[in-house]
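Here the structure is laid out as structure tokens; the discussion comes afterwards.
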Amino acid sequence: MQLSVHWVGCAALLSLLIVGEVWCACTEDNMQIEGGHYTLTKGLNASSMLVYHCPEGFYPYPSRRRVCLLTGTWSEMPRRSKPQTCRMVECPNPFVLMHGSVYPPQEKYFADNETTYECYSGYTLRGSARRVCLPNGKWSGSTPICSRDSGSDCADPGIPAGALRNGNSFGLDDKVKYSCTGNLFLVGSSVRVCLENGQWTGTEPACYYDYTYDTPLEVSEAFGSAIKGSLTTLEPTDDTQEGRKIRISKTGTLDIYIGVDISESIEEKYFNDARDTVAKLITKISSFPISPNYEVVFFSSEVFEVVNILDFLDGKVQLNVLKTKVESFKIGTGNTAGTDLNLVFMTFLERMALIKQRTGDDGFKEHRHVIILFTDGAYNMGGSPEPTVEKIKNMVYMDPNYKQKEPLRAEYLDIYIFAIGAQIFDDDLEPLTVGTGGNHYFRMKDIKKLQKTFDEIIDEDEVKGLCGLHKDYVTTEERENYPWAAQIVVQNEGRVMKCMGSLVTPMFILTAAHCFTFEDLPKHVTVDINDGQGRIKRVKNFFLHPKFNVSAKVNEGVKEFYDYDVALIQLTEFVKISTLVRPICIPCTQETSDALKLVGESTCAAQEQLLLKNMEKLTFLTRKGKWVDEKHVHAKLGDKRDECIQHALEAPGITAKKAEIPVTENFLCTGGRTPFRDHIACTGDSGGAVFKNYEHRTVQIGVVSWGSKNLCKGGGVVDSDENSRDFHINVFRVVPFLKSILGNDNQDDYAPLEFLKS
Ligand SMILES: *[C@@H]1O[C@H](CO)[C@@H](O)[C@H](O)[C@H]1NC(C)=O
Ligand SMILES: *[C@@H]1O[C@H](CO)[C@@H](O)[C@H](O)[C@H]1NC(C)=O
Ligand SMILES: *[C@@H]1O[C@H](CO)[C@@H](O)[C@H](O)[C@H]1NC(C)=O
């Protein structure tokens, strides 16, 4: 806390600075670090922070960072005897194993050093037999434990490296207590109790040096599984489809409070990263079919509110507005000199009190609260937040005895802390975490890494099959933007037809019927969809819409009639679902209602209303180079549609007098230049999904079918001219066909999709 003390002085003096005269600049003399380098947050100006950096596997010693004081000197100047250097990272002492031995014996273990573990005879090993000291100061794998069956209620919980354990009996209600030796710091449960079900309470503790950091992967696994608990436990038990449906119960409400420290304790550029990270977190949470209410604040000595949770409750703020607000938030001219951590908790406590006032005690019981805080824990104002955290517990648990024993409502409150920075005040921060179901305290060097971390949270088995999930930013894996996209080749004798398609279930691809001719057989069809298990998929069968008949209106002046131009291709095997390959959402399914967050009994009409408005911007894909590019169009509905479809009469092969003859109600019309210049489809685009992204899920609205003019020479992204029009099958109009195959529950080949009743 040495630093915080300085700041009290610094903050007070800073106000003098504004008045005028005081000036100070530090110098860079003697600030070098052997083996590393440093960065300055505000040059050599007062309150600038100098942060030391070392290569991986090393850490700065003795100081992590220094602050330029108003006196023109750096805080914590090194003593002559201790020059600033990069030291090798050590891992905690592995010689804590009971009933076994550790090789090789060393006084210290540095990054890349290995250890192996063996149990004495009569004992069996659980955990890792070989561990490597990682550059972040942790051992790889899991704690080795040598135990023998003693008939105890609980299994031996082991002793993590660097720890001491008090308590060696593992019967019901027995307690084990952990502490860390030397200057190590304990993260996790210091006390664990053996429960009736044979499990220990809490989470396995770990001993951290002050340079020990969690890797993004570790945070992703731990935070991911914990937050998913909050995001999914609102579901009533619903065992359809291997439990991969997540439903929000009608009464449960999730309130998420996010606080981000933007005080000068944190580097300036950190702010933008922090802001982006919060936006990312919200985005990721929004990919779950649950709609939490949010309170988002940035804080230093004051609280800067980005969104008030009460506005959320009142429906005054929608998710997209929240995201925009977060993304465009700028630190004003407010005072960012101090840090008042308590004030943040007080703000959250007040909001909870207001919610409780509105909903009444019974209503409040249905609210789960998740607080997520990003800070380095250095506060110099407002005092310790601990009493406020106790008040929050008291309010949520509704149990006066919560301190003596685990409260019944424990799962209604989680406080996660992401401790971030060059120097972290663990002793103050870690005790503020609250919650069951895994680690709630994470130590990270850099908030930027968290974006990736939050991203990986949804890439887990239980949600990866959800339709329409995709990444909406540039990634190295292009497929991740359109994981449902498929390219189709039909090759029969001399004829080669290339089409686009969309994965609608792990076994079916939706495309256009006109991609096939009468003579084509399944063996002539291949689907290119790279799921990491071979690009080219073989086809078991394909099904054209029974009403598709190109020559149906020859007598009415339509040489080629494309009504019902849809087909489904069934693969011989399921594709492997991952971030690279997953289905798109299609109209009138329950999963799409979940994706659109339509709660209760929803209808096709409700989906269509949400997704398809006049001039709705829609997208389809075209082959480009090795992969694809986007084409943007606007759906012309109502009056606009009448005008739009007239241009069908200009198409070659059409002599009909009325546009409604070739263009039935089943078509969407796009193209033209007014009011927006649309792109126009080319031959190879046929069968592709015309889609819309809604709340980060992709829903297919149409299937690219035919156009009035061929403006494409080589393909690619081509602008429409004034009169060129494209006609796409409106998928809402062909649902009975989709349902007859995808929703068929009289077969054992695949799990049927759940279609809405109406
Ligand atoms: C240092 O302070 C001066 C005067 O306020 C300012 O013009 C300059 O941009 C600051 N330098 C840095 C690197 O922040
Ligand atoms: C442990 O790591 C240190 C530092 O990299 C190295 O010098 C030493 O040889 C390693 N010891 C063993 C047994 O690998
Ligand atoms: C397609 O329509 C034409 C004209 O109505 C009809 O003669 C023909 O039998 C139809 N073909 C099929 C396969 O239904």
Side-chain angles (χ1 to χ4, degrees), residues 92-100 117 119-120 122-128 138-139 142-208 212 222 225-226 229 386-387 389-390 392-394 396-417 426-443:
N93 178 15
F95 276 87
V96 293
L97 180 69
M98 293 174 83
H99 317 300
Y117 304 83
C119 293
Y120 301 149
Y123 290 84
T124 48
L125 179 75
R126 280 185 291 131
S128 304
K138 292 185 177 187
W139 290 102
S142 60
T143 304
I145 304 167
C146 293
S147 61
R148 61 179 167 196
D149 190 11
S150 58
S152 300
D153 299 270
C154 285
D156 186 336
I159 306 175
L164 285 174
R165 188 181 71 199
N166 209 319
N168 284 318
S169 46
F170 313 132
L172 181 63
D173 290 336
D174 280 338
K175 264 186 202 166
V176 288
K177 291 188 185 174
Y178 293 92
S179 55
C180 290
T181 51
N183 52 358
L184 287 157
F185 165 78
L186 187 135
V187 173
S189 306
S190 55
V191 178
R192 304 185 77 183
V193 183
C194 173
L195 298 177
E196 213 163 355
N197 64 6
Q199 302 291 309
W200 293 96
T201 57
T203 53
E204 185 186 51
C207 292
Y208 282 29
T212 308
S225 71
E386 258 178 280
V389 171
E390 291 307 320
I392 291 176
K393 288 184 188 171
N394 202 24
V396 176
Y397 291 157
M398 303 178 170
D399 175 0
N401 297 321
Y402 74 85
K403 279 186 187 162
Q404 279 80 52
K405 66 184 214 347
E406 173 116 341
L408 275 175
R409 291 174 44 79
E411 63 185 45
Y412 283 78
L413 178 64
D414 289 283
I415 301 181
Y416 296 96
I417 295 184
D426 301 283
D427 296 328
D428 296 326
L429 281 182
E430 209 268 350
L432 303 176
T433 61
V434 176
T436 56
N439 202 356
H440 284 55
Y441 187 69
F442 306 101
R443 260 179 141 265

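L195 CG: more than 12 foreign heavy atoms inside a 6.0 Å radius. Within a 6.0 Å sphere centred on CD of Q404, heavy atoms belonging to other residues, nucleotides or ligands number more than 12.
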Worked check of side chain to side chain contact (heavy atoms under 4.5 Å, CB included) between H440 and V434: CA-CA 7 Å; H440 284 55; V434 176; over 6 Å; no
Residues C146, L97; criterion side chain to side chain contact (heavy atoms under 4.5 Å, CB included); working and verdict: CA-CA 7 Å; C146 293; L97 180 69; 4.1 Å; yes
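Checking side-chain atoms of R126 against main-chain N and O of D156 turns up a donor-acceptor pair under 3.5 Å. Side-chain N or O atoms of T143 include none that pairs as donor or acceptor with a backbone N or O of I159 at under 3.5 Å. Using modelled atom types, one side-chain atom of T201 and one backbone atom of V193 make a donor-acceptor pair closer than 3.5 Å. Y120 places a side-chain N or O within 3.5 Å of a backbone atom of G100 that can act as its donor or acceptor partner. With hydrogens and angles ignored, the 3.5 Å screen pairs a side-chain donor or acceptor of W200 with a backbone N or O of A155. Judged purely by atom type and a 3.5 angstrom limit, E430 uses its side chain to pair as donor or acceptor with the backbone of G188.
You'll find the side chain of R165 reaches within 4.5 Å of the side chain of M98, heavy atoms only. Between P92 and W139 there is a side-chain heavy-atom pair separated by less than 4.5 Å. N93 is not listed as a side-chain neighbour of T181, based on a closest heavy-atom distance of 4.5 Å or more. Between D153 and E196, the closest side-chain pair of non-hydrogen atoms is not below 4.5 Å. Counting heavy atoms from C-beta outward, P144 and S128 have side chains that stay 4.5 Å or more apart. No side-chain heavy atom of Y412 sits less than 4.5 Å from a side-chain heavy atom of M398. The shortest side-chain heavy-atom distance between R192 and Y178 falls under the 4.5 Å cut-off. Proximity of Y117 to P94: side-chain heavy atoms (C-beta onward) are separated by under 4.5 Å at one or more points.
Across every non-hydrogen atom of S152 and G171, the tightest pair is CB-N, 4.5 Å. Nearest heavy atom pair, residue K175 against residue V191, reads CD-CG1, 3.9 Å. Across all non-hydrogen atoms, the minimal contact from G435 to D414 is CA-OD1, 3.5 Å. Across F442 and N439, no two heavy atoms sit closer than the pair CZ-O, 3.3 Å. The shortest heavy-atom contact between T203 and S189 is N-OG, 2.9 Å. In terms of heavy-atom proximity, L432 sits nearest to I417 at CB-CD1, 3.7 Å.
In this structure, C207 SG and L164 CG are separated by 8.0 Å, a value rounded to the nearest 0.5 Å. Atom CD of E390 is separated from atom OH of Y397 by 9.0 Å, given to the nearest 0.5 angstrom. K393 NZ to I415 CD1: the interatomic distance, rounded to the nearest 0.5 Å, is 7.0 Å.
Partners of R443 under the salt bridge (Lys or Arg N to Asp or Glu O under 4.0 Å) rule, at least two apart in sequence or in another chain, are D426.
A donor and an acceptor atom, one from each side chain of Y123 and R148, are located under 3.5 Å apart.
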